[in-house]
Protein chains: 4
Amino acid sequence: MPKQKVTAEEILRKSMKVFNAKGYHNTSMAQIADECGLLKGSIYHYFKSKEQLMQAVIEYLHQKYKEKVFSIAYQPDLTSREKLEEYIVFSENLFIGSNDGCLMGNIALETVNTNANFAKSLRAFFQEWINAMAHIFEVDYGKQRALEISKECVAEIEGALMLKRVFQEDDYLHKAHQRILQRGIKTKQT
Amino acid sequence: MPKQKVTAEEILRKSMKVFNAKGYHNTSMAQIADECGLLKGSIYHYFKSKEQLMQAVIEYLHQKYKEKVFSIAYQPDLTSREKLEEYIVFSENLFIGSNDGCLMGNIALETVNTNANFAKSLRAFFQEWINAMAHIFEVDYGKQRALEISKECVAEIEGALMLKRVFQEDDYLHKAHQRILQRGIKTKQT
Amino acid sequence: MPKQKVTAEEILRKSMKVFNAKGYHNTSMAQIADECGLLKGSIYHYFKSKEQLMQAVIEYLHQKYKEKVFSIAYQPDLTSREKLEEYIVFSENLFIGSNDGCLMGNIALETVNTNANFAKSLRAFFQEWINAMAHIFEVDYGKQRALEISKECVAEIEGALMLKRVFQEDDYLHKAHQRILQRGIKTKQT
Amino acid sequence: MPKQKVTAEEILRKSMKVFNAKGYHNTSMAQIADECGLLKGSIYHYFKSKEQLMQAVIEYLHQKYKEKVFSIAYQPDLTSREKLEEYIVFSENLFIGSNDGCLMGNIALETVNTNANFAKSLRAFFQEWINAMAHIFEVDYGKQRALEISKECVAEIEGALMLKRVFQEDDYLHKAHQRILQRGIKTKQT
DNA sequence: AATGAATGAGAATTCATTCAT
DNA sequence: AATGAATGAATTCTCATTCAT
């Protein structure tokens, strides 16, 4: 009889927030349930374990990034510069103002050594991210060099998000994005 | 029995390893004790709680970095280039080949939002790191710009260490160091 | 499994017994759970800590005393003598034959110095007890003197219960009650 | 080589204080050691277990009461009245101003149900106390009645000490003593 | 005689998970 | 679908006790 109070996707979104803020091991099912307005037993209707929930969160987020972020890199009618700018606008909206940073990076650092399933999914995510950025730089730098630059970019962003979390200062991310933009510009000028 | 089996410093070093590999919340006192060849109760002789142990680890490591790493930046008879090179040699020896990455970064990302004590100590650590690098760049870039570069460097290193952990590829760190070195070289040539 | 085995009130009653028999610090949650036919973790569904459970026991018992015992003193259509007699009958049924004595007194002596929350609740209990008895004696002795007598009565009862526990002899309590009754009778005759 | 820092008697006296203030189960060997200026291992030089230490405390205190308090009752050249007065002076000096109350009563209530050894010693103590008081009243009341009165007195004192602890009011004990004195006086007048 | 280290049993508490309603 | 009760294993921490120095 009980009315459906949430959808699986709502649970994913709420738990994403909690995992991001407190980390995987430091988050309890009760906290997630709480965030969803449910009791902890009820989560198990949608996800059969905490691990599977985390896994689903990772995949859900990966999918969203694919659709909304990585896809930018493959839009045929944008210049490199425009792609980077669009990416950056999108990304800053996502991160600036929140203390939570990048779930993928946070969870990666916390669990990649101890959970093979997460590790695999997280690797796939980062790989696609790198590939997407590399695709942007490829036109100007060539395949090889573009890949290197793109790895730098991702590292810089994640590093910036870490320091942003540590110092609670949004500037780190903004600056990192500016440097990434530079790489697009410089080329043009050469 | 009552023969001393470990010193406090040994416990710090062993637990540093475990915390680094598995994270703070995913590490149990039993695992640390195990690593030290003690029973779990015995750790409490040296540190009165898990939190206090972690705190001590952070401070111990901070101290070591001060002595061995940050100090390089303040050696009066080295050029910027030499300082950077020395720093890099040291740092690669520390990180390359291990899967553990940077305890400070790992723990920061995991706990900085939920533990104010850790947050404070970790912030102090990162600040000194940034200051030390800034000191190297100051001669060539001026105070303001040196600080910015140094923040970039730390972010790049931490980002690289994250990707290194994700992909188990040492190259990320090495490349980041090369870019840092570039910043030193460029100047000279100007 | 997930069929309700106990109610919160049952836990209160069972734990009351255990606390009374063995004292607060000497009682473990496992023993209470055992008494309730539960596992120790399950108690935490109902009470969030041992301290909170004890607190609830104190308050529960206080409430019961209010309803069943102290209320006797305020019944408008009984004489002092009748009130005392009713109180005594009630009280002897409660205590005689059991080795446990007065939980409130036992816990008070054990914890009042070290737990401020218990102290407060226990003080409230004893105060109301004293007030109730004073109310009985007031008609015959006046406010001031009634209060003094009532303090004597409570002290005598608690002292008697202590010796009853030490010597396992029910007589102490009975005699104390007789003396209390005397105080009611004497008046009449004067 | 280590110098002797304490005597067994000093340990007894210090631990008596701690046991009295915090109860038996709530007192740790470390706290006792601390009070004595020793480390906890050192207590075991003098007493082979916590239980044995408590036992020794009980016996030590029993002995002191015998010598200093109960003996008053058997002094051949004092009147009942004088004995009672001397007893009361002594007793008030002992208890008034301290929050700790009567160790024997406190420990009795806490442990008599669960520790047979303590129970035995505590029973012996209370018996001798009762006998001593009975001896005072015997002259005026006869053996039988004196014993009853004396039980009342002990109960009243213990009850008063309990309320004194609960309400932190010295008056309870003082009043109890006055009533005891009354019993001595009344006789004379008859 | 005192210390300081280590033990190991047991305490309170947390938490992912199950399941009958 | 949701609940709420119960589980049981794991976790942190405490503490009486032992023992080599």
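A quick note: this is a predicted structure, and the numbers were derived from the prediction, not measured. Just so we're on the same page: letters track the sequence lines, and every chain starts at 1.
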### Query
Paired with F:dT21: which nucleotide, if any, by Watson-Crick or G-U wobble criteria at under 3.5 Å for both distances?
E:dA2
### Query
What is the base-pairing partner of E:dT7, counting Watson-Crick and G-U wobble geometry with both distances under 3.5 Å?
F:dA16
### Task
Verify the distance criterion only: is there a donor paired with an acceptor across the side chains of A:E59 and A:Q63 at less than 3.5 Å?
no
### Nearest-angstrom distance from the residue atom CE of D:M29 to P of E:dA2
14 Å
### Query
Would you say a side-chain N or O of B:K40 is under 4.0 Å from OP1 or OP2 of F:dT14?
no
### Query
OP1, OP2 of F:dA5 versus side-chain N and O of C:S42: anything below 4.0 Å?
no
### Message
At 4.0 Å (heavy atoms only), tell me whether A:Y46 reaches a base, stays on the sugar-phosphate, or touches nothing.
### Response
sugar-phosphate
### Summary
Heavy-atom nearest nucleotide on DNA chain F taken for A:K5 and for C:G41; more 5' hit belongs to A:K5
### Task
Could you tell me the separation between the CD1 atom of A:I43 and the OG atom of A:S49, rounded to the nearest 0.5 Å?
12.0 Å
#### Entry: Interatomic distance where NE2 belongs to C:H45 and C1' belongs to E:dT13 [whole Å]
13 Å
### Task
Give one of base, sugar-phosphate or nothing for A:L38, where a contact means two heavy atoms less than 4.0 Å apart.
sugar-phosphate
#### Entry: Backbone of A:S28 reached by a side-chain donor or acceptor of A:Q31 within 3.5 Å
yes
#### Entry: Whole angstrom value for the distance that separates P of F:dG4 from CG of A:L39
5 Å
### Query
Using a distance-only test with no angle check, is there a side-chain donor-acceptor pair under 3.5 angstrom linking C:E35 and C:S15?
no
### Query
Does the side chain of C:K3 get closer than 4.0 angstrom to OP1 or OP2 of F:dA5 through an N or O atom?
no
### Message
Rounded to whole Å, how long is the line connecting atom OH of B:Y44 with atom P of F:dT12?
### Response
6 Å
### Message
Rounding to an integer number of Å, can you tell me how far D:H25 NE2 sits from F:dT14 C1'?
### Response
15 Å
### Task
Take the protein atom CZ of D:F47 and the nucleotide atom P of F:dT18, then report the distance between them rounded to whole Å.
16 Å
### Task
Take atom CD1 of C:I43 and atom C1' of F:dT7, then tell me their distance rounded to the nearest Å.
13 Å
### Message
So C:T7, base contact, sugar-phosphate only, or nothing? Heavy-atom distance under 4.0 Å.
### Response
nothing
### Summary
Of C:E51 and A:S49, the one whose closest nucleotide on DNA chain E sits nearer the 5' end is C:E51
#### Entry: Whole angstrom value for the distance that separates C1' of E:dT13 from CD of C:Q31
16 Å
### Task
Tell me yes or no: between the side chains of B:Y24 and B:E51, is some donor less than 3.5 Å from an acceptor?
no
